[in-house]
Amino acid sequence: MNPMTQPHTPALTSRLPKVGTTIFTVMSALAAETGAVNLGQGFPDFDCDPELVNAVTRAMQAGHNQYPPMPGVPALRQAMAAKMLALYGLACDPNTEITVTAGATQAILTAILAVVHPGDEVIVLEPCYDSYVPNIELAGGVAVRVPLTPGSFRPDFGAIAAAITPRTRAIIVNSPHNPSGQIWSQADMLQLQDLLAPTDVLLISDEVYEHMVFDGQQHQSAARFPGLAARAFIISSFGKTYHVTGWKVGTVVAPAAMTAEFRKVHQFNVFTVNTPMQHALATYMADPAPYLELSAFYQRKRDLFREGLAGTRFTLLPGQGTYFQCVGIGDLAVPERELPEGDFCQWLTREIGVAAIPLSAFYGNGFDQKVVRFCFAKKDDTLREALKRLARL
Ligand SMILES: Cc1ncc(COP(=O)(O)O)c(C=O)c1O
């Protein structure tokens, strides 16, 4: 028999040849295998408010089990509109300017697919969240990588300005920032607004950690700046805000013309997002306390973790927001400090029993600055156990 007539899987040419299993999956698997405390992947090890779970049950029992409208359950979009106005002073129309998505991940991909044409350039600021560049490449775009200043992770506006060309379609900004835990100030956002004003560059503003900002500072949403809001997809994630990362529900706020293009892709991408969760979130959002109190909740955990680390030889980097803490490993008393960050993290997981993520994973060229990221969205006991193990270094 001709071998080609045998059942066989035809050969594929990868759309994403450089993409493998993400470091988060690798480190979580290694942590599980070795019994290490997993401070690698960013998710809480504690439960959400039981009231939120009860609200989902009630929504299901009330029969909210069929397709919701394509842009999302109206009550949830209305609740988001009220929040955008109350917190950031942005009046947006829930019918034409807010869309509910399957988490921020889908929101970012859909926004990019909606506006990036083959050959368009999109500026990403490294280190950055790992989905941005593959998303740009899936759209046929070109990722233009501009480093944040190593050490401080501050935006370098000279370098950003130099990266803007007639082909630049968008810039992705993420504040509070994963992995560094740094936030953009009002002055930074004003500078971005001035820089983009004479251009047609769109802003994809990844604000999933908007409610985790410390030391009395305010989240500087793009929504606060009219010149940015008029050109921005503003992306939020209920998973981060309400300790339900597995629910994968988020929102995108954007001007009507941008939302119209976004929804064209959204309706053939996921079409809709699961109904009972949306109803539950809409009900739960009626009380702003859970998101207004989130910064204080995580600041306490950050302080507990930083105080513990201060007694070790890890170098503490600043942490103004998110649930991540970056540390330098260059001054540790062990020879493994010389290893590449990725190998160091494997060693730390296996031998010390704490999983972390190497910063090099957030750079296209694997830039190694001897810094690793811990996630402190963990029970206090989990953090204390990790600190006890890290104190050996
Ligand atoms: C910066 C950033 N953007 C987006 C996401 C994805 O959020 P979601 O779980 O809502 O898809 C994450 C999750 O880790 C993130 O850290």
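Ligands are counted one by one from 1 in listed order, and the atoms in each one are counted from 1 as well.
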Practice task
Measure the distances from the heavy atoms of Phe43 to every atom of ligand 1 and state whether one is below 4.0 angstrom.
Solution key: no

What protein heavy atom lies closest to [atom]? Include the residue and the distance to one decimal.
| atom | answer |
| --- | --- |
| atom 1 (C) of ligand 1 | Asp206 OD2, 3.3 Å |
| atom 14 (O) of ligand 1 | Lys240 NZ, 2.6 Å |
| atom 16 (O) of ligand 1 | Tyr209 OH, 2.6 Å |
| atom 7 (O) of ligand 1 | Ala104 CB, 3.4 Å |
| atom 9 (O) of ligand 1 | Lys248 NZ, 3.2 Å |

Taking 4.0 angstrom as the limit and counting only heavy atoms of [X], give me the atoms of ligand 1 inside it, by number and element.
| X | value |
| --- | --- |
| Gly103 | 10 (O), 11 (O) |
| Val208 | 2 (C), 3 (N), 4 (C), 15 (C) |
| Ser237 | 8 (P), 10 (O) |
| Asn174 | 1 (C) |

Between [X] and [Y], is the gap from one ring center to the other below 6.0 Å?
| X | Y | answer |
| --- | --- | --- |
| Tyr284 | Phe238 | no |
| His211 | Tyr242 | no |
| Tyr298 | Tyr323 | yes |
| Phe305 | Phe374 | yes |

Handout entry: For ligand 1, the portion of Gln106 having any non-hydrogen atom under 4.0 Å away
Key = neither

Handout entry: Which segment of Thr105 sits under 4.0 Å of ligand 1 when only heavy atoms are counted
Key = both

Problem - Donor-acceptor under 3.5 Å (Arg302 side chain, Gln320 main chain) - result: no

Problem - Heavy-atom nearest option to atom 12 (C) of ligand 1, drawn from Phe324, Phe24, Tyr129 - result: Tyr129

Problem - ligand 1 N/O within reach of Thr245 N/O, cut-off under 3.5 Å - result: no

For the residue pair [X] and [Y], confirm or rule out a side-chain donor-acceptor distance under 3.5 Å.
| X | Y | result |
| --- | --- | --- |
| Thr259 | Glu97 | no |
| Glu341 | Ser360 | yes |
| Tyr88 | Gln220 | no |

Practice task
Tell me, yes or no, whether the heavy-atom count around Phe46 atom CZ, taken from other residues, nucleotides or ligands under 6.0 Å, exceeds 12.
Solution key: yes

